[in-house]
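Take a look at the structure set out below.
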Amino acid sequence: MVLIGIWFDALEQNAVGLTGPVLQESWGLGGAEIGFLNTMTFTATALGRLLTGVIIDRFGRRKMLMINLLVFAGGSLICALAPNYAVLAAGRFIVGFGLGGEISVAVIMMAEFFAARHRGTAVGLINVTSAGLGNMLAPLFGILVFSVFDGPDKWRWLFGLLFLPCVLIMFFRRYVPETPRFLAASGRIEEANVVINRLARGQLSGPIDNPEQYLTGTGAQEPGKPPRSDWRGVLRGRLLRRTVLLTVAVCMSYAAQISMLTLMPTILVASGHDLTSSLSFTLLMQTGSLVGAIAAAFGASRLPRKKVLTGGAVLGCVAGLSIAVFSDSLPLVLAFGFLFNFSVIIVNTTIWLFAPELYPTRVRGMGTSIILAMGSLSGGLFPLVAGFVFDLSGLTGMFTMLAVLFVILGIAVQFPPETFGKPMEEDEQIAHA
């Protein structure tokens, strides 16, 4: 129920890249205007993640999972019906706001629902679904839509079709329970026990007969009151150090990933390939995202976080430099484009897992959301820089720059504490963090 919504989120994240060449043709938009649509989306994604982080640490994870999906769906409908560029940009902003909160809540909920031995695989499945299947199948989705619908407004159908599945997902998501960790941290021990019983029995609805008492005590909070969440705790002491280091890492990985997603179809069209061929080549390179996400999910329960991040950074740097060197050879660009996407998704998946493990429950939402929000902001702004560099020096200059991002990432991830195989923090006093 969480992952299906994430899959449609991934399709929506690719929507600007998919519709960019069509919008250029039908509305006469330039590259800067296409890039601005992406900037609107990911800037709003950053804001959505920050606001969601504040809300979910105080009022819970479950409600925001529904609200963010509703916002995202409404934005998709506005994009489909947009009469002009200004309304389309506003629609992308609304979409981004919902997307940001959706991913943050999903990462935290999956991390909190699972024990340490399964947590890595569970959170890894988010990127298998989104960056893996979602990013890989997004070009195919564009090909299918543009094959069925023709004319200058065919891009509207792509946005419109992304709205419909969200209605069904909202219906099923009402069965998703609140996480026991949040309930226990709020002093709602009885409710936490009910959820654990539901998970243990595979029964997400209906009454629970003869529930077992998995948790006892009054918890760290008075019953019925929101948890004492001070978002400033993630900006003090050792938690600040963790926040800064992982923020640097995620900004580098998102900048590389979103630049590739946003610009590659347009770059291929500008290189003389038709729209269908460009999307097909993009799909081939995006298969690396699926393989990378599966590898990250598989390795999450077996390998330390920092080693995986370091390995991904090295591979990403090699892939970026190889594309820069062999930019005149389409087969080599496709091959190293596959490796580039493989690397960046391994890194992103591991960061999504690493971030919630670095914070205690009362500020986990805020800490994780700050890190992911800064990544989204980087992903929204950096394609403008990448596009400018491409205009000046082509694929060689652009991918040399992206390779440097992986070097910075590889350095930053060496300093946070390793969390592999360790329980998530629960009762730490933030004032002394």
Side-chain angles (χ1 to χ4, degrees), residues 1-7 9 52 55-69 101-130 168-221 223-224 226-227 229 297-298 300-301 349 352-357 359-362 364-365 368 419-427:
M1 288 185 283
V2 172
L3 294 180
I4 292 175
I6 293 297
W7 186 70
D9 287 355
T52 295
I55 293 174
I56 63 178
D57 278 339
R58 184 166 180 80
F59 299 106
R61 289 51 166 139
R62 181 178 179 275
K63 290 180 181 178
M64 286 306 297
L65 192 69
M66 297 290 290
I67 292 171
N68 285 319
L69 187 60
E102 172 91 359
I103 295 291
S104 293
V105 178
V107 168
I108 294 164
M109 290 189 81
M110 295 291 272
E112 290 187 343
F113 271 130
F114 290 86
R117 65 182 180 278
H118 299 304
R119 188 184 307 127
T121 301
V123 177
L125 286 175
I126 296 176
N127 242 0
V128 171
T129 306
S130 60
L168 297 176
I169 297 166
M170 282 186 285
F171 173 78
F172 289 109
R173 274 195 177 172
R174 61 200 174 108
Y175 296 110
V176 177
E178 183 56 84
T179 70
R181 288 182 184 272
F182 174 80
L183 293 171
S186 305
R188 296 154 64 181
I189 302 300
E190 184 176 347
E191 293 178 63
N193 275 313
V194 170
V195 173
I196 297 173
N197 273 275
R198 289 194 183 282
L199 296 175
R201 302 180 188 188
Q203 180 184 341
L204 295 182
S205 63
I208 296 293
D209 298 323
N210 301 316
E212 294 187 41
Q213 295 300 307
Y214 291 96
L215 302 179
T216 59
T218 58
Q221 186 74 18
S229 173
F298 178 80
S301 60
T349 302
W352 285 13
L353 169 61
F354 200 18
E357 292 181 335
Y359 299 98
T361 299
R362 291 193 185 89
R364 184 171 296 130
T368 303
T419 60
F420 176 67
K422 298 179 181 179
M424 298 179 81
E425 297 181 39
E426 296 295 342
D427 296 324

Let me confirm one number: the CD1-CD distance from Ile196 to Glu191, rounded to the nearest 0.5 Å. 12.0 Å
Looking at every heavy atom in both Leu204 and Met1, which two are closest together, and how far apart are they? CD1-CE, 3.2 Å
Is the shortest side-chain heavy-atom distance between Leu353 and Thr349 below 4.5 Å? no
Could you pull out every donor-acceptor pair under 3.5 Å between side chains of residues 111-120 and any protein atom, sequence neighbours left out?
from: Glu112; atom 1: OE1; to: Arg61; atom 2: NE; distance (Å): 3.0
from: Glu112; atom 1: OE1; to: Thr179; atom 2: OG1; distance (Å): 2.7
from: Glu112; atom 1: OE2; to: Arg61; atom 2: NH2; distance (Å): 2.7
from: Glu112; atom 1: OE2; to: Arg364; atom 2: NH1; distance (Å): 2.9
from: Arg119; atom 1: NE; to: Ala111; atom 2: O; distance (Å): 3.4
from: Arg119; atom 1: NH1; to: Glu357; atom 2: OE2; distance (Å): 3.0

Search all heavy atoms of Thr368 against all heavy atoms of Pro356 and return the closest pair with its distance. OG1-CA, 3.4 Å
Please report the interatomic distance CG(Asn68) to CD1(Ile103), rounded to the nearest 0.5 Å. 10.0 Å
For Phe182 and Ile108, what are the C-alpha separation, side-chain angles and deciding distance, and is it a side-chain contact (heavy atoms from CB on, under 4.5 Å)? CA-CA 10 Å; Phe182 174 80; Ile108 294 164; over 6 Å; no
Note, Met109 side chain near Val176 side chain (heavy atom, < 4.5 Å): yes
What pair of heavy atoms forms the shortest contact from Ala106 to Ile126, and how long is it? O-CD1, 3.5 Å
Between Arg201 (side chain) and Ile208 (backbone), is there a donor-acceptor pair under 3.5 Å? no
Between Asn193 and Glu212, what is the shortest heavy-atom contact and its length? OD1-O, 4.1 Å
Which atom pair, heavy atoms only, marks the closest approach of Val195 to Pro180? CG1-CG, 3.7 Å
Is there a side-chain contact between Glu190 and Leu183, using heavy atoms and a 4.5 Å cut-off? no
Can you see which heavy atom on Leu215 is nearest to which on Ala192, and at what distance? CD1-CB, 3.9 Å
Taking the side chain as every heavy atom from C-beta outward, state whether Tyr214 and Asn197 have any pair of such atoms under 4.5 Å apart. yes
Calculate, to the nearest 0.5 Å, the distance between atoms CD1 and CE belonging to Ile56 and Met64 respectively. 8.0 Å
What distance do Thr52 atom OG1 and Asp57 atom CG have between them, rounded to the nearest 0.5 Å? 11.0 Å
Should the heavy atoms of other residues, nucleotides or ligands under 6.0 Å from CD of Gln203 be counted, would the total exceed 12? yes
Test log, rule side-chain contact (heavy atoms from CB on, under 4.5 Å), inputs Phe354 and Thr419: CA-CA 7 Å; Phe354 200 18; Thr419 60; 3.4 Å; yes
Got a second to check how far Ser301's OG is from Phe420's CZ, nearest 0.5 Å? 7.0 Å
Roughly how far apart are Leu3 CG and Met110 CE, rounded to 0.5 Å? 4.5 Å
